[in-house]
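Below: the structure, in structure tokens.
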Amino acid sequence: ILLVLCIVSGIAPISRSDWILENVLVVLTIGILWWSRRWLPLTTASVWLLFVFLVLHEIGSHYTYAKVPYDDWFESLTGRTFNSLFGWERNHYDRLIHFLFGFLLAVPIRELFLRLVRARGFTSYWLPVQMTMSWSAVYEVVEWLSILVFGGDLGAAFLGTQGDVWDAQKDMALAALGAACGVGFNVWRGARERPSRGTAIA
């Protein structure tokens, strides 16, 4: 399904070159999940969380993150723009995705730590936050390198700073906050109901 959505998002994207760059992540993720499906199968919950994140990423790859028309969509439904509710001028779709990177992937990352290194207790919740911060930092470095390699409009579209000199720091902070909220939600859920053996991570 994700591959089909990837193809659909590639129909007349705003920037073909940016769409290709953005979808390297999707192809690598699908490849890794397929390669590891037998010796490290993820729970259904984790697969769905990854799926939702990558679907939202596909929307960003089609429009480029800085030009996703969420304001137009919201205005067509409510009669006013979403940004006007908060006094925003910037397109914040990329910030949402950085937050959801941490929030949606907290469960899959924790699941990997539980299985691979048998993390338990507080450590099993803290490691996903640390991993999210690490991956976010690596991704920001990759974005910086893309500017050096590609430059021009393609590099700017992939970077998506929209003129904010603190864009990288804000993106990393939002990803960390998302991960903290994700593991916090799991702690809250685990306190309310005890999971049965072999179900999603609590």
Side-chain angles (χ1 to χ4, degrees), residues 1-3 5-6 9 18-33 36 40 42-68 70 82 88 90-116 119 124-147 155 157-162 164 166-189 200-201:
I1 294 173
L2 189 59
L3 285 172
L5 291 174
C6 182
S9 74
D18 181 66
W19 177 84
I20 292 172
L21 279 178
E22 298 286 4
N23 277 285
V24 169
L25 168 67
V26 178
V27 172
L28 286 175
T29 301
I30 293 175
I32 291 172
L33 289 175
S36 63
L40 191 62
L42 294 175
T43 61
T44 301
S46 289
V47 172
W48 274 109
L49 290 169
L50 283 166
F51 176 77
V52 169
F53 174 76
L54 291 174
V55 167
L56 295 172
H57 175 74
E58 283 305 311
I59 295 173
S61 73
H62 177 79
Y63 292 100
T64 76
Y65 274 89
K67 297 179 181 179
V68 173
Y70 66 85
F82 186 79
W88 295 340
R90 182 189 193 278
N91 187 306
H92 283 283
Y93 188 79
D94 66 321
R95 297 269 165 84
L96 170 67
I97 297 303
H98 279 282
F99 176 82
L100 291 178
F101 171 75
F103 185 77
L104 295 176
L105 272 61
V107 168
I109 294 173
R110 180 170 182 259
E111 184 177 329
L112 292 177
F113 277 117
L114 288 172
R115 293 185 179 189
L116 295 177
S124 71
Y125 293 102
W126 176 236
L127 286 175
V129 178
Q130 289 186 313
M131 181 62 74
T132 299
M133 295 174 69
S134 299
W135 285 354
S136 295
V138 169
Y139 187 75
E140 295 301 329
V141 170
V142 169
E143 286 189 329
W144 165 63
L145 291 175
S146 73
I147 286 286
F158 187 65
L159 194 59
T161 62
Q162 301 180 60
D164 186 351
W166 301 108
D167 182 72
Q169 290 84 351
K170 291 176 182 178
D171 289 346
M172 289 186 287
L174 282 169
L177 176 62
C181 291
V183 297
F185 176 77
N186 274 274
V187 170
W188 173 79
R189 191 188 68 170
I201 305 302

With H57, the ring pair (Phe, Tyr, Trp, His ring centres under 6.0 Å) member among Y65, F51, W19: Y65
When every non-hydrogen atom of L50 is compared with those of P108, the smallest separation belongs to CG-CG, 4.3 Å
Evaluate L116 against L40 for side-chain contact (heavy atoms from CB on, under 4.5 Å), listing each step before the verdict. CA-CA 9 Å; L116 295 177; L40 191 62; 4.0 Å; yes
In Å, rounded to the nearest 0.5 Å, how long is the span from OG1 of T64 to CD1 of I59? 13.0 Å
Under 3.5 Å, side chain of Y70 to main-chain N/O of H92, donor-acceptor pair present? yes
Between R95 and D171, what is the shortest heavy-atom contact and its length? NE-OD1, 3.3 Å
Measure the spacing between CG of L54 and SG of C6 and express it to the nearest 0.5 Å. 9.5 Å
Distance-minimising heavy-atom pair for L114 and S124: CD2-CB, 3.9 Å
Please round to the nearest 0.5 Å and tell me the distance separating atom CD of E111 and atom CG of N186. 10.5 Å
Is there side-chain contact between L127 and I109, with heavy atoms separated by less than 4.5 Å? no
F82 vs W88, side-chain contact (heavy atoms from CB on, under 4.5 Å): CA-CA, chis, key distance, verdict: CA-CA 9 Å; F82 186 79; W88 295 340; 3.7 Å; yes
Within a reach of under 6.0 Å around CD1 of I1, are more than 12 heavy atoms found that belong to other residues, nucleotides or ligands? no
For residues G102 and T132, report the shortest heavy-atom separation together with the two atoms involved. CA-CG2, 3.8 Å
If you round to the nearest 0.5 Å, how far is CZ of F101 from CH2 of W135? 6.0 Å
Which heavy atom in L56 sits nearest to a heavy atom in Y93, and how many Å separate them? O-OH, 2.6 Å
For S136, all residues meeting side chain to side chain donor-acceptor pair (under 3.5 Å), sequence neighbours excluded: none
Salt bridge or not between D18 and K67? Use side-chain N to carboxylate O under 4.0 Å. no
Is L2 close to T29 at the side-chain level, that is, under 4.5 Å between some pair of heavy atoms? no
With a 3.5 Å distance limit and no angle check, can you tell me whether N91 reaches the backbone of V68 through a side-chain donor-acceptor pair? yes
For L49 and L104, work out which heavy atoms get closest and say how close. CB-O, 3.3 Å
If you round to the nearest 0.5 Å, how far is CD of E22 from NE2 of H62? 13.0 Å
Mind checking the CE-CG spacing from M172 to D167? Nearest 0.5 Å is all I need. 9.5 Å
Would you tell me whether E58 and S9 have side-chain atoms, one donor and one acceptor, within less than 3.5 Å of each other? yes
Does the pair F53 and I97 meet the rule for a side-chain contact (heavy atoms from CB on, under 4.5 Å), with working shown? CA-CA 8 Å; F53 174 76; I97 297 303; 3.7 Å; yes
